[in-house]
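Please read the structure below before turning to the comments.
Numbering of ligands and ligand atoms starts at 1, following listing order.
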Amino acid sequence: MSPTRPLAVVVLAAGSGTRMKSKTMKVLHPVCGRSMIGHVVTAALAVEPEHLVAVVGNGREQVGPHIQQMAPEAVLAVQETQDGTGHAVRVGLDALRERCGTTQGTVVVMAGDTPLMRGETLAGLVDDHAAAGRAITVLSGELDDPFGYGRIIRGADGSVTAIVEQKDADEQQAAVREISSGVFAFDGEFLAQALSRITNDNAKGEYYLPDVVGIAHDDGLSVGAHRIDDVMQTEGANDRAQLAALGRELNRRILDRWMRDGVTVMDPATTWVDADVVLERDVTLLPGVQLLGATVVAEDAVVGPDCTLKDTEVGRGARVVRTHAELAVVGEGASVGPFAYLRPGTRLDAGGKIGTFVETKNTHIGEGAKVPHLTYVGDAEIGEGTNIGAGTIFANYDGVDKHRTTVGRRAKTGANNTFVAPVEIGDGAVTGGGTVVRRDVPPGALAVSTGPQRNLEGWVLKRREGTPAADAAASALEGRAASHSDEPEVASEAPSESQSE
Ligand code: UD1
Ligand code: CA
């Protein structure tokens, strides 16, 4: 991306982030489906540094492996005590020198808690820094409320002379609205020697990285600021309110990008799309949709209203309504919902249907096959063109083990069936309503398991005498007797319940 590849990007992530009040380290909190440091590492890798160095400390047993998962080549430098950002960078440079024997080249330093930072912005900083041949270039921006940030102090000629922290700023300095984002491009050799000269003689008793700016100025070296208008990229989330605000803003940016790429988002305010989601043109997202993780939605598909799809693939032209899905695949032109729950391992082929109040898990539903109403399908294979009756339970669990059910092609199963797995229903087979299928059904067979119906005539009249039901029955039977005078009268002796057939 950048014509001037930096030697290294050093990401600072050793602080604990106490203001999050969390057992999870601050930089691991998620924003739009990635940890904060995940966004930072993604931006850092976009400038193709020769080395990525992460300074870890607090919670390093959580943070270290997380970084190495995203960037296996990353150098982890451990800062045992959090003595300030200047100290942290020194620890990072020591680790860099150990890895590659040098600090010669451009070294970018950034914090691990700025999830909106973009690779293009870092590339712009690096290019500007290299072109100007400076010792230091700080990424700066102007804020209406600069409280808490380091202020950029400029000399009469406009050159940067120092960065002063909030706690150390006098009234005049505190009034400056140009702030340091905490992101810098440095000449690596200069940085290494300047860091050995900074002190902790300040309000916090810490070694401040920004103090190297004053050192460069005193040495007569050039320091510049690369100013960006989009200051939100530089904002860090220090507590959960800021985390939510940055999350909403990142989501807005993600949606904006998809809309410009040809996706219809009816209500951006209630639509959430994670950073790694992929959408094709002419996808429509209706209100109340969350697309999470590695979800992919193909052309012309319509999702929503009110869906949560995680790591799910939606095929071209498919329709998904009021559905919760995870690790599921919905085929081209298929239809899901309303009120469906697709659990991991659900695969619905082209033109198939998973309908209302249906739960599926670890199940393959073939092309054009339908599971329309009130059904649980677990650990099953359903062949193409088959229709599963309303209210069916695929009983996959015997209390100890899970078993599979196979239903063949073009079968039609009756309403209110139970398939007691393991069991196989052949191609073109039919089952009657209420069947409990415990044995395999051969292709083309009709399976029924319910006994013949018994009518115990007059039972209500005798056993529930005087109830509204008995009265209703009596008058119905009288009416019938009047119109069919040749039919037998009400049975004088109602059969007992224990009567056998
Ligand atoms: C820092 C800058 C400030 C800048 C602001 C931008 C300093 C002294 N101040 O302030 O000029 O305007 O960022 O957001 O640099 N960290 C370590 N080890 C430490 C201390 C911090 O790794 O010993 C890490 C933190 O985990 C964090 C980053 O460095 O990721 C910045 O530290 P933080 O305490 O948030 O600095 P700010 O007070 O925000
Ligand atoms: Ca901060």
**Report entry** Residue and atom name of the nearest protein heavy atom (relative to atom 9 (N) of ligand 1), distance in Å to one decimal
**Finding:** Glu165 OE1, 3.0 Å
Query raised in the report: At what distance is the nearest protein heavy atom to atom 5 (C) of ligand 1, and which residue and atom is it?
Result: Ser180 O, 4.1 Å
Query raised in the report: Would you find more than 12 non-hydrogen atoms of other residues, nucleotides or ligands less than 6.0 Å from Asp401 atom CG?
Result: yes
Query - Presence of salt bridge, Glu165 and Lys167, under 4.0 angstrom - result: no
Query raised in the report: For atom 24 (C) of ligand 1, is the nearest protein heavy atom closer than 4.0 Å?
Result: yes
Query raised in the report: Nearest protein heavy-atom contact for atom 34 (O) of ligand 1: which residue, which atom, what distance?
Result: Lys204 NZ, 4.9 Å
Report task. Report the C-alpha separation of Phe147 and Gln166 in whole Å, then their side-chain angles, then the decisive distance to 0.1 Å, and conclude whether the side chain to side chain contact (heavy atoms under 4.5 Å, CB included) test is met. Result -> CA-CA 7 Å; Phe147 187 86; Gln166 178 73 44; 3.4 Å; yes
Query - Contact bool for atom 11 (O) of ligand 1 (protein heavy atom, d < 4.0 Å) - result: yes
Query raised in the report: Does atom 39 (O) of ligand 1 have a protein non-hydrogen atom under 4.0 Å from it?
Result: no
Requested in this report: With heavy atoms under 4.0 Å as the rule, classify the contact between Asp83 and ligand 1 as side chain, backbone, both or neither.
Outcome: backbone
Report summary line: Within 4.0 Å of some non-hydrogen atom of Gly15, the atoms of ligand 1 are 17 (C), 22 (O), 25 (C), 26 (O)
Requested in this report: Report the nearest protein non-hydrogen atom to atom 13 (O) of ligand 1: residue, atom name, distance rounded to 0.1 Å.
Outcome: Gly182 CA, 4.5 Å
Query raised in the report: Quick one: which ligand 1 atoms are inside 4.0 Å of a heavy atom on Gly150?
Result: 3 (C), 4 (C), 11 (O), 12 (O)
Query raised in the report: Any idea which atoms of ligand 1 are less than 4.0 Å away from a heavy-atom of Ser181?
Result: 6 (C), 14 (O)
Report summary line: Note: Leu12, heavy atoms under 4.0 Å from ligand 1, region reported as both
Query raised in the report: Counting from 1, what ligand 1 atoms have a heavy atom of Tyr149 closer than 4.0 Å?
Result: 6 (C), 12 (O), 14 (O)
Query raised in the report: For the atom pair CG (Leu327) and OG1 (Thr346), what is the distance rounded to the nearest 0.5 Å?
Result: 9.5 Å
Report task. From atom 18 (N) of ligand 1, work out which of Gln79, Gln82, His87 has a heavy atom at the shortest distance. Result -> Gln79
Report summary line: Under 4.0 Å from one or more heavy atoms of Thr85, ligand 1 contributes atoms 7 (C), 8 (C), 15 (O), 20 (C), 21 (C), 29 (O), 31 (C), 32 (O)
Query raised in the report: Please state which protein non-hydrogen atom is closest to atom 28 (C) of ligand 1 and give its distance, to 0.1 Å?
Result: Ala111 CB, 3.8 Å
Query raised in the report: Roughly how far, to the nearest 0.5 Å, is CD1 of Ile136 from NE2 of His217?
Result: 11.5 Å
Query raised in the report: So how far is it from Leu285 CG to Met259 CE, rounded to the nearest 0.5 Å?
Result: 9.5 Å
**Report entry** Asn58 and Lys26: side chain donor to acceptor below 3.5 Å
**Finding:** no
Report task. Just jot down the ligand 1 atoms closer than 4.0 angstrom to any heavy atom of Gly112, in number order. Result -> 30 (O)
Query - Side-chain donor-acceptor contact under 3.5 Å, His226 with Asp128 - result: yes
Report summary line: Quick note on ligand 1: atoms under 4.0 Å from a heavy atom of Ala14 include exactly 17 (C), 18 (N), 22 (O), 26 (O)
Requested in this report: Return yes when atom CD of Gln68 has more than 12 non-hydrogen atoms of other residues, nucleotides or ligands closer than 6.0 Å, and no otherwise.
Outcome: yes
Query raised in the report: Taking only heavy atoms of Pro210, which atoms of ligand 1 are found under 4.0 Å from at least one of them?
Result: 7 (C), 8 (C), 11 (O), 15 (O)
Report task. Take Arg227 and Glu142 through the salt bridge (Lys or Arg N to Asp or Glu O under 4.0 Å) test and state the conclusion after the steps. Result -> CA-CA 8 Å; Arg227 206 155 144 158; Glu142 204 163 294; 2.3 Å; yes
Requested in this report: Taking atom types as modelled, find out whether Glu206 and His87 have a side-chain donor-acceptor pair closer than 3.5 angstrom.
Outcome: no
Query raised in the report: Counting both backbone and side chain atoms, is some N or O of Gly84 under 3.5 Å from an N or O of ligand 1?
Result: yes
Query raised in the report: So, Arg316 and Asp300, do they make that salt bridge, N to O below 4.0 Å?
Result: no
